[in-house]
Amino acid sequence: YDSWRHRELVTAAMEDISSIDVVLEEESYTIEVKEKNNDMVCVYKGEEQEDSHFIDKLQYLEADSFTDEEKSEKEEVNLTLHFKDEKYPDQKITIYRYDGLKCLVAMGGEPHSLVERTSAVDLIEAIREIILNEQ
């Protein structure tokens with residue numbers, strides 16, 4: 001069952017992503033993704049984010065196990081990845097609170113996997129770092 005699924009939640013190359021819509025605590029944000037000096041950087045409200053850990057945290061978010069279990073807790077964060085090439089559909093990733101150690105991930109609205117809660121929190125904190133730098 002697990003062998004045909006990807007452990008990495010984002011299977012696309014970061015350089016193929018143009019922007020990411022984020023819903024965090026019922027607020028919406030758009031983070032652009034651009035290449036600069038062979039590195040991927042985040043741009044929020046027109047400002048390049050120095051030392052942003054968001055791309056790394058997103059890129060290395062991995063499933064611990066796979067599940068068909070329905071969500072039952074609060075939504076932690078919702079991400080919609082938009083691609084530079086319009087022939088690829090948007091990728092929607094929603095992370096829900098599950099328990100003290102894990103979060104449940106839905107891909108395209110369907111239950112997909114469980115991830116380490118610390119990884120999800122690290123991703124959320126990287127998003128907050130970007131947002132708070134501009135406020």
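Note that this is a predicted model, so its numbers are computed, not measured.
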Original post:
Counting only N and O atoms by type, is there a donor-acceptor contact under 3.5 Å from the side chain of Gln91 to the main-chain atoms of Leu9?
Top reply: yes

**OP:** Find out if a path of hydrophobic residues (ILVMFWY) with successive side-chain heavy-atom gaps under 4.5 Å connects Val121 to Tyr29.
**Re:** no

Original post:
Looking at Ile31, Asn78, Ile130, Thr30, which one forms a side chain to side chain contact (heavy atoms under 4.5 Å, CB included) with Val22?
Top reply: Ile31

Original post:
Hey, does the side chain of Asp99 reach the backbone of Lys102 with a donor-acceptor pair shorter than 3.5 angstrom?
Top reply: yes

Original post:
Looking at Glu69, Glu76, Arg117, which one forms a side chain to side chain donor-acceptor pair (under 3.5 Å) with Tyr98?
Top reply: Glu69

**OP:** For the residue pair Thr80 and Asp90, confirm or rule out a side-chain donor-acceptor distance under 3.5 Å.
**Re:** no

**OP:** For the pair Lys45 and Glu32, find out whether any cationic side-chain nitrogen is under 4.0 Å from an anionic carboxylate oxygen.
**Re:** no

Subject >> Atom pair NZ/CD1 of Lys57 and Ile127 - distance to nearest 0.5 Å >> reply: 12.0 Å

Original post:
If you round to the nearest 0.5 Å, how far is OH of Tyr96 from CD of Glu70?
Top reply: 9.0 Å

**OP:** Mind checking the CZ-OG spacing from Phe66 to Ser113? Nearest 0.5 Å is all I need.
**Re:** 6.0 Å

Original post:
Are the side chain of Gln49 and the backbone of Glu47 linked by a donor-acceptor contact shorter than 3.5 Å?
Top reply: yes

**OP:** Measure across Phe83 and Ala12 and return the closest heavy-atom pair with its distance rounded to 0.1 Å.
**Re:** CE2-CB, 3.3 Å

**OP:** Apply the test side chain to side chain contact (heavy atoms under 4.5 Å, CB included) to residues Leu61 and Glu8: give CA-CA distance (whole Å), side-chain angles for both, the deciding distance (0.1 Å), then the verdict.
**Re:** CA-CA 6 Å; Leu61 190 63; Glu8 299 86 16; over 6 Å; no

Original post:
Under 3.5 Å, side chain of Lys84 to main-chain N/O of Glu15, donor-acceptor pair present?
Top reply: yes

Original post:
Where the side chain of Asn37 meets the backbone of Asp39, is there a donor-acceptor pair that is under 3.5 Å apart?
Top reply: no

**OP:** List the steps and the verdict of salt bridge (charged side-chain N to carboxylate O under 4.0 Å, His left out) for Lys92 and Glu110.
**Re:** CA-CA 10 Å; Lys92 188 170 186 167; Glu110 297 296 320; over 6 Å; no

Original post:
With a 4.5 Å limit on heavy-atom distance, are the side chains of Asp16 and Asp85 in contact?
Top reply: no

Subject >> Inter-residue atom distance Leu114.CG - Cys103.SG, 0.5 Å rounding >> reply: 9.0 Å

Original post:
Hey, does the side chain of Ser18 reach the backbone of His82 with a donor-acceptor pair shorter than 3.5 angstrom?
Top reply: yes

Subject >> Heavy-atom side-chain contact between Leu79 and Leu58 under 4.5 Å >> reply: yes

**OP:** Can you establish whether the number of heavy atoms outside Glu35 located under 6.0 Å from its atom CD is more than 12?
**Re:** yes

**OP:** Look up atom OG1 in Thr94 and atom NZ in Lys71, then write down how far apart they are to the nearest 0.5 Å.
**Re:** 9.0 Å

Original post:
Do the side chains of Leu81 and Val77 join up, straight or via other hydrophobic residues, at under 4.5 Å, putting them in one cluster?
Top reply: yes

